[in-house]
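Position 1 is the first residue of the sequence; numbering continues from there. Indexing begins at 1, ligand by ligand and atom by atom, following the structure's order. Below, all heavy atoms of this structure are taken into account, side chains as well, without hydrogens, waters or symmetry copies.
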Amino acid sequence: MPIEIITADITRLDVDAVVNAANPTLLGGGGVDGAIHRAAGLALLEACRQLPESSPGIRCPVGEARITGGFALPARYIIHTVGPVWHGGDRGEPALLASCYRQSLQLAAMHGLRSVAFPAISCGIYGYPPERAAAVALAALRETLLEHVDLQVQLCCFDMRMAAIWRQAFNPA
Ligand code: AR6
């Protein structure tokens, strides 16, 4: 099965790439972004600063993805993506969230990577209801994986409650 749901600290995973739930500046923040920057070290911040801006201060628009090295992480690469802020669901949030998963996997495939771990993008500070996010994420992943049969995906939940929600979406009773 190319998709697995695990409970872990994503900064500890020994995979080809971990995905970061970033903000458009790509200069760090709270949540998993803060944890990844702390664990990867200041060289990550420097690499992010060097990524081109598409408009002032914006290195990664919502729904897109960028890649850097993993620096002090066990992971070889970090794929930074920016999920949508939840505004109730009628401002394009599902399509933007699906795009995060799709673009992250496409970037991984372009770099010849085989194993990618995702956090629950947008499900923390950005307020996306996790049940809805899990359904969107799984549909986008399943569809994209049809084109990239060599990729293995881990959905890395930070706690058991989140993992239970994702398992329910994965295997609805
Ligand atoms: N490993 C795995 N998952 C984690 C970890 C970790 N070490 N730490 C937190 N999570 P969030 P968002 C979970 O808020 O909602 C930042 O400030 C967390 O429990 O990190 O996309 C950025 O700079 C939650 O389930 O990301 C942006 O400004 C999930 O990761 C903003 O937050 C995502 O929560 C992005 O908000």
So which protein heavy atom does [atom] come closest to, and at what separation?
atom                    : result
atom 15 (O) of ligand 1 : Gly124 N, 2.8 Å
atom 14 (O) of ligand 1 : Ile125 N, 2.8 Å
atom 17 (O) of ligand 1 : Gly30 N, 2.7 Å
atom 25 (O) of ligand 1 : Met162 CE, 3.4 Å
atom 1 (N) of ligand 1  : Ile10 N, 3.0 Å
atom 20 (O) of ligand 1 : Val32 N, 2.7 Å
atom 22 (C) of ligand 1 : Asp33 OD2, 3.5 Å
atom 7 (N) of ligand 1  : Asp9 OD1, 2.9 Å

Measuring only between side-chain heavy atoms, which start at C-beta, is [X] closer than 4.5 Å to [Y]?
X      : Y      : answer
Val116 : Val19  : yes
Phe170 : Arg142 : yes
Phe118 : Leu141 : yes

Report, in ascending order of atom number, the atoms of ligand 1 lying under 4.0 Å from any heavy atom of [X].
X      : value
Ala21  : 21 (O), 22 (C), 26 (O), 35 (C)
Ala8   : 1 (N), 2 (C)
Cys123 : 15 (O)

So does [X] have more than 12 non-hydrogen atoms from other groups sitting under 6.0 Å from [atom1]?
X      : atom1 : value
Arg12  : CZ    : no
Arg167 : CZ    : yes
Ile6   : CD1   : yes

Problem - Shared hydrophobic cluster for Tyr77 and Val15 (ILVMFWY, side-chain gaps under 4.5 Å) - result: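 Tyr77 and Val15: separate clusters.
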Practice task
Please answer: with hydrophobic residues joined when any side-chain heavy atoms are less than 4.5 Å apart, are Ile121 and Ile67 in the same cluster?
Solution key: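 Yes; tracing contacts between hydrophobic side chains, which count when under 4.5 Å, links both residues.
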Of the listed options [options], closest to [atom] (non-hydrogen atoms):
atom                    : options               : answer
atom 10 (N) of ligand 1 : Tyr126, Trp86, Phe158 : Phe158
atom 29 (C) of ligand 1 : Pro84, Ala120, Gly127 : Ala120
atom 12 (P) of ligand 1 : Gly31, Ala39, Ser122  : Ser122

Exercise for the section: Nearest 0.5 Å please: distance from the CD atom of Glu64 over to the CD atom of Gln103. Expected result: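 If I round to the nearest 0.5 Å, the distance is 5.0 Å.
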